[in-house]
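Structure, as structure tokens:
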Amino acid sequence: MKKISQLFIILFAFFLAIPARAQEMPRRPRIGLVLSGGGAKGMAHVGVLKVLEEVGIEPDIITGTSMGSIIGGLYAIGYRADTLERLLLQSDWDKVLSDRIDLPDVLFEEKNYFENQLLELTFENSRVKAPKGLIRGQQISTLLSRLCLPAYQTEDFREFPIPFRCIAADVIRAEHHVIEKGSLPEAMRASMSIPSAFAPVRSDSTIFIDGGAIRNFPVEEAIAWGADIVIGVYTGRLKPGPEEMESFSDILMQTAFLLSIRDAEAQLPLVDIYLEPDLKGYKAQDFKKADSIIVRGERAARLQYDKLKMLADSLRKWGPPLPHPALPAIDSLCIDHIVIEGNKRFNVRELQGRFGIEAGATVCADDIERGIARLYGTNAFEQVSYRLRQEEGKTVLSLKCAEKTPTVIRAAVNFDKYLGAGFLFNISSRNLFRPASRMMLTGTIAENYRFNLNYLKYLGSPQRWAAVLTTQLSRDEIPIYQDGRQNETFQLSEWLADLRLQRRLGNNGMAGLGLQREQLFFKPVVSGSPLFRRLEYTNYTIFGFLQLNSLNRNILPQSGTLLSLEVKGIYNNGLNVKTTGGLSGISPDSLFSFVPYTKLSFRSKSYYPLHKRASLTVSPFAGFVFNPSNTFGDFYLVGAPETLTRRSIPFYGLDANQLVAQVAVGLGLGYQHFLRDNLMISLDANAGIFATPDFLADNAPQPEQFLAGLGLTAGYQSFLGPVKFSLMYPIDTDGSLPRNLRYFLTIGHRF
């Protein structure tokens, strides 16, 4: 490495030279700033920049890799150290380092399947394909595009206020690649594509990953652009001691960066002032420790404060530095032309309709990002990003759509006290048979199974209207209690098919009308003296529905509303009762008789945030089967804190399906508090009035019954999905149900 004393000898020689010598050396020395990668540890660069600004050193050239490319690139276009520090401290890193968008931005039809699975695989060319990286980079790409908006008109990075270069690794050519032209956010994204963590960035001829894999300390690139004096800040990996290699993952990670470490050592002799913050104990993923990491960077610079101050004072003798005015902020701009790239299965008109911005519109970054979220929220894309550029004086907006394969396979596991252990799967295929369509098969393989086959065809270019054909099959157990004891259990198998016309109300609502055919098969499983061996209804239904879902997320929501309202007119086309002696005739006033009737079902749960970590929940419910003569064929299943069947009414204090009711009206109130973003506790109370049919008498329905209950729940978002454990207690009954402590456990996703 050059001795710092040699550096100042050269500088003083410049200052003391005779006028003729000064004419031979007319320019001030150029300062090159080199910023390494290191993941979150690279945030220490901001602390160094704070000290450089304090002493008065302004770099003339910046090169960077990975996190160094992001900090360096933003600094090159005009962001100051205090602004960068504020950005790092205020960022929601859980969201930035994910592909997650807010659930309200997801299309209503896709909400149940958005980030609500253990595994998602694609199926193409008769092969199942694993994802290319844990994170596609949806959020980081959007953030970089917003931050780099002032530079959208500048293709050559030399023309930035401070010339800038960054490094990516070319996987095809097995060499480092210098990026100095093109789109700044795309260059940063390529430079930081950590293998296995972020999906790589593809260009026409190659694939880019994190430049730190080969060249993590780009000193030569700064000198090649004319840096006379190099200040290098290194936050990358170093040669460890044996005691630091304690696990297989430590060894594997170190192995991946051996080439980069050796290259950094080769770059060190070219650095004039070398800064290496003490970041022991910090990891590349510690983005939430931005404040202390920045302090470590500032501390490292202050340890060499005298050298930096001496350099700054010496440079001032050459006169004031060249001005580096920041690129002006872009508040709004007019989009002259929109180009869509990467779409193969979706036509341009369809995507433009979803994007919602037309050529000629004046927009801001928020407008573009909302349009991007609408496209990504279709759940049809692995990533949607955008690029702004100038062509012949016009502003062109390019949308880059990385489509998912037509067929996507999702899987999850689930266990709860009612279903037992279950395997969940979802297979969706788009544009099968017809364009703008989706075929979906969803199933739960468990003792009480569920299977649903759904074909949706969008109508019209805005795609708010759709025709949907659905068939589903399920099986449940219905316990019957008398005097607090379960004395009968019926098995109910249901097969139904419906055709509906629906209209999406924004992203968060759906309304529609439909026709339905359902077959219900009842079979006694536990019964001392069963009235029948098998009971079968065949019903035809006209129905209308309204559904709302504005929850902020599927798992442990903190705000929003989930609501379902359905009105049915039900007609019977067939009723068969098989008794021990064969088929039995049905009396008009029999327990099993059927007359047309109306059914109304309403369930809702709203989350009202009280502050960042707490919400109040309100859960009204109402259900009416307007048919007093039908005491068997239709009902609600009340109990357990989760919706377990299409007839379920969740209720704290009762076990799953513990109460069978034809009328149910009530309200639940609760308070939930988040200890962490993925860990919450809640206290809930609910009460309701229920009318329960008597299954053992033809014309003797039980009187109305008032029930109330309390629940204490702990919820945790684990790698398997949400885990929720509830302790429940009925606090007021009429004595028909025992007052004892109950529990309900559920592990894993539901869709």
Side-chain angles (χ1 to χ4, degrees), residues 98-101 105-107 109-142 171-172 189 193 195-209 340-355 372-386 398-412 423-443 452-458 463 466 468 554 749 751:
S98 74
D99 296 325
R100 188 178 75 240
I101 63 173
D105 291 326
V106 179
L107 285 185
E109 303 92 306
E110 302 290 336
K111 287 181 185 288
N112 286 342
Y113 314 100
F114 192 80
E115 296 182 347
N116 194 25
Q117 63 276 327
L118 180 61
L119 180 67
E120 181 175 291
L121 302 171
T122 58
F123 185 82
E124 189 174 22
N125 298 326
S126 302
R127 291 190 305 165
V128 175
K129 295 185 176 181
K132 302 178 181 65
L134 297 177
I135 304 170
R136 290 291 305 184
Q138 177 65 28
Q139 289 295 344
I140 191 68
S141 294
T142 300
V171 173
I172 303 300
R189 174 65 180 85
S193 299
S196 77
F198 285 95
V201 173
R202 294 178 177 268
S203 70
D204 294 335
S205 59
T206 192
I207 299 173
F208 293 123
I209 62 171
I340 298 178
E341 304 172 9
N343 58 308
K344 299 176 182 178
R345 303 177 184 91
F346 298 91
N347 62 62
V348 172
R349 184 182 178 189
E350 179 180 348
L351 296 181
Q352 285 178 337
R354 290 280 175 85
F355 183 54
I372 294 292
R374 283 192 292 268
L375 280 174
Y376 188 68
T378 62
N379 219 8
F381 302 97
E382 292 182 342
Q383 184 180 2
V384 182
S385 59
Y386 72 94
S398 295
L399 300 177
K400 296 191 173 184
C401 302
E403 296 178 344
K404 291 181 178 179
T405 57
T407 303
V408 177
I409 303 170
R410 303 176 181 91
F423 172 75
L424 286 71
F425 67 88
N426 172 269
I427 304 172
S428 63
S429 186
R430 297 181 183 275
N431 297 342
L432 187 66
F433 306 129
R434 298 289 297 170
S437 67
R438 185 199 67 188
M439 173 80 82
M440 182 174 287
L441 173 63
T442 303
N452 182 295
L453 180 63
N454 173 286
Y455 187 79
L456 179 149
K457 175 67 177 73
Y458 287 108
Q463 298 190 354
V468 185
N554 275 318
H749 297 276
F751 50 68

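Atoms considered below: every heavy atom in the structure, side chains included; atoms not considered: hydrogens, waters and symmetry mates.
- Put simply, the side chain of M440 does not reach to within 4.5 Å of the side chain of L456, judged on heavy atoms.
- The two atoms that bring Q383 and G137 nearest to each other are NE2-O, 3.5 Å, heavy atoms only.
- The side-chain heavy atoms of I101 and V106, taken from C-beta on, include a pair separated by under 4.5 Å.
- The main-chain N or O of C401 is never found under 3.5 Å from a side-chain atom of E341 such that the two would form a donor-acceptor pair.
- The ring pair (Phe, Tyr, Trp, His ring centres under 6.0 Å) check on Y113 picks up nothing, with sequence neighbours excluded.
- The CG atom of N379 sits 7.5 Å away from the OG atom of S428 when rounded to the nearest 0.5 Å.
- No donor-acceptor distance shorter than 3.5 angstrom exists from the side chain of T378 to the backbone of R374, with no hydrogens or angles considered.
- Between E109 and R438, some side-chain heavy-atom pair lies under the 4.5 Å cut-off.
- By the side-chain hydrogen bond (donor to acceptor under 3.5 Å, both in side chains) test, R354 pairs with Q463, sequence neighbours left out.
- Partners of N426 under the side-chain hydrogen bond (donor to acceptor under 3.5 Å, both in side chains) rule, at least two apart in sequence or in another chain, are R410, T442.
- In this structure, F208 and V171 have side chains that are not in contact, with every pair of non-hydrogen atoms separated by 4.5 Å or more.
- Residues forming a side-chain hydrogen bond (donor to acceptor under 3.5 Å, both in side chains) with N431 (at least two apart in sequence, or on another chain): none.
- Side-chain contact between L351 and L375 is present, with heavy atoms from C-beta onward closer than 4.5 Å.
- The distance from atom CG of N112 to atom CD of Q117, rounded to the nearest 0.5 Å, is 11.5 Å.
- Residues satisfying the side chain to side chain contact (heavy atoms under 4.5 Å, CB included) test with A412, not counting sequence neighbours, are L118, L424, H749, F751.
- With contacts defined as side-chain heavy-atom distances shorter than 4.5 Å, the pair V408/E120 qualifies.
- F433 has its side chain within reach of M439: a pair of non-hydrogen atoms, C-beta onward, lies under 4.5 Å apart.
- Smallest separation of non-hydrogen atoms from P200 and I209: CB-CG2, 4.0 Å.
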Side chain to side chain contact (heavy atoms under 4.5 Å, CB included) for F346 and E403? Distances and angles first, verdict last.
CA-CA 9 Å; F346 298 91; E403 296 178 344; 3.1 Å; yes
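- The ring pair (Phe, Tyr, Trp, His ring centres under 6.0 Å) check on F425 picks up nothing, with sequence neighbours excluded.
- Residues N116 and K111 bring no donor and acceptor atom of their side chains to less than 3.5 Å of each other.
- Under the ring pair (Phe, Tyr, Trp, His ring centres under 6.0 Å) criterion, Y386 pairs with no residue at all, not counting sequence neighbours.
- Residues satisfying the side chain to side chain contact (heavy atoms under 4.5 Å, CB included) test with T407, not counting sequence neighbours, are F123, I427, S429.
- Shown here are the side-chain hydrogen bond (donor to acceptor under 3.5 Å, both in side chains) partners of T142, two or more places apart in sequence or in another chain: there are none.
- Side-chain contact check for Y376 and Q139: no donor-acceptor pair (N or O, by modelled atom type) lies under 3.5 Å.
- With sequence neighbours excluded, the residues forming a salt bridge (Lys or Arg N to Asp or Glu O under 4.0 Å) with R430 are E110, listed by chain and number.
- Summarising the geometry, atom CD belonging to E382 is positioned 4.0 Å from atom CZ belonging to R136; distances are rounded to the nearest 0.5 Å.
- Not one N or O on the side chain of D105 forms a donor-acceptor pair closer than 3.5 Å with the backbone of G377.
- Between the side chain of Y458 and the main chain of P435, no donor-acceptor pair closer than 3.5 Å is present.
- The shortest side-chain heavy-atom distance between V468 and N454 falls under the 4.5 Å cut-off.
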Taking it one step at a time, do N343 and V348 satisfy side chain to side chain contact (heavy atoms under 4.5 Å, CB included)?
CA-CA 8 Å; N343 58 308; V348 172; 3.8 Å; yes
